[in-house]
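Okay, structure first, notes after.
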Amino acid sequence: MVQAYSLYEGSFSVDKSRKFVPFDPSINAPQDRPGAMFIDVHPFLIPTDAGLVLCDTGLGYTDENGRLQLYDNMYRLGYRPDDVKYVLMSHLHKDHAGGMVTFESGTGRIAFPEAEYIVQRGEWEDAYSGISSSYRTEIFDVIQRSGNLILVEGEGNINNVISYALNGGHTAHHQAFHIHTDDQHYFFGGDVLPEPEEIFHNYVAKYDFDGRRSKALRQEYWAEGAPAGWIFLFYHSKNIAIGRSQLREDGTYRLIDATLQE
Ligand SMILES: [Zn+2]
């Protein structure tokens with residue numbers, strides 16, 4: 001059985017200013033935001049044998065009370081922020097790192113106080129030094145002080161459920177995660193594999209640190225994971241966010257929604 005949940009934050013439009021503006025298709029039309037890209041945001045929650053795991057933390061979007069929408073989504077599934085034992089960070093761009101902390105009380109506090117936050121050392125250094133405007137350094141001051149930060153390098157295992165692998169591509173020190181639990185193999189490729197369409201439409205993305213590498217990695221992940229039955233988690237998907245392969249009669253694989261079938 002597939003046990004992974006999207007803590008969907010919503011759909012956002014992003015223009016040259018790099019501000020994420022909530023996009024509600026019932027109110028706005030795409031042409032109201034000329035030149036903007038449209039981005040959906042799916043942090044993922046996975047109950048595992050090693051405790052509750054969160055894959056990336058969204059923009060840190062808040063409800064009308066200033067409470068993280070991530071929290072609301074979690075409560076709805078019957079979990080509390082204190083239940084989270086691991087926060088797995090693919091990289092630290094603001095659309096992934098916003099919910100690492102909460103500013104609900106006026107000052108920044110760690111959002112998941114019982115969790116270890118798993119971050120690549122090189123990504124941390126780039127983010128903390130504010131190498132680009134895609135990073136929000138006020139978040140990292142809070143994390144730095146928290147004692148919850150675990151810096152990892154290259155590839156390795158956190159325990160017998162979670163492993164990480166530096167893969168670069170999107171940022172110089174981006175990482176992917178494999179999560180083995182309940183006879184399932186979940187794969188979180190972060191922004192190297194953000195949307196299913198990118199597997200099938202071979203293209204190099206402008207916003208990547210190394211677009212060719214990302215493109216090659218996507219092909220490798222699908223070539224390995226489709227026959228092996230991996231469950232793919234697509235952080236920026238506009239349709240299937242939690243997917244798995246299905247064999248076609250011609251021997252190729254297509255992607256189906258993993259939450260809809262047994
Ligand atoms: Zn992203």
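Remember, it's 1-based here, ligands and their atoms both numbered in the order they're listed.
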Legend entry - Neighbour count >12 (heavy atoms, 6.0 Å) for atom CG, N65: yes
Inset, instruction - Taking atom types as modelled, find out whether D40 and Y235 have a side-chain donor-acceptor pair closer than 3.5 angstrom. - result: no
Inset, instruction - Would you list the pairs meeting ring-ring contact (aromatic ring centres under 6.0 Å, His included) in which at least one residue belongs to residues 133-163, sequence neighbours left out? - result: H93-Y135, W124-F140
Legend entry - Metal environment of the Zn ion (ligand 1), protein N/O/S under 2.8 Å: D95 OD2, H96 NE2, D191 OD2, H236 NE2
Inset, instruction - Output the distance between atom NE2 (H96) and atom OG (S90), rounded to the nearest 0.5 Å. - result: 5.5 Å
Inset, instruction - May I ask you to decide whether E116 forms a salt bridge with K85, counting only side-chain N to carboxylate O separations under 4.0 Å? - result: no
Inset, instruction - Look at the rings of F44 and F188 and say which category their plane angle falls in: under 30° parallel, 30 to 60° tilted, over 60° perpendicular. - result: perpendicular
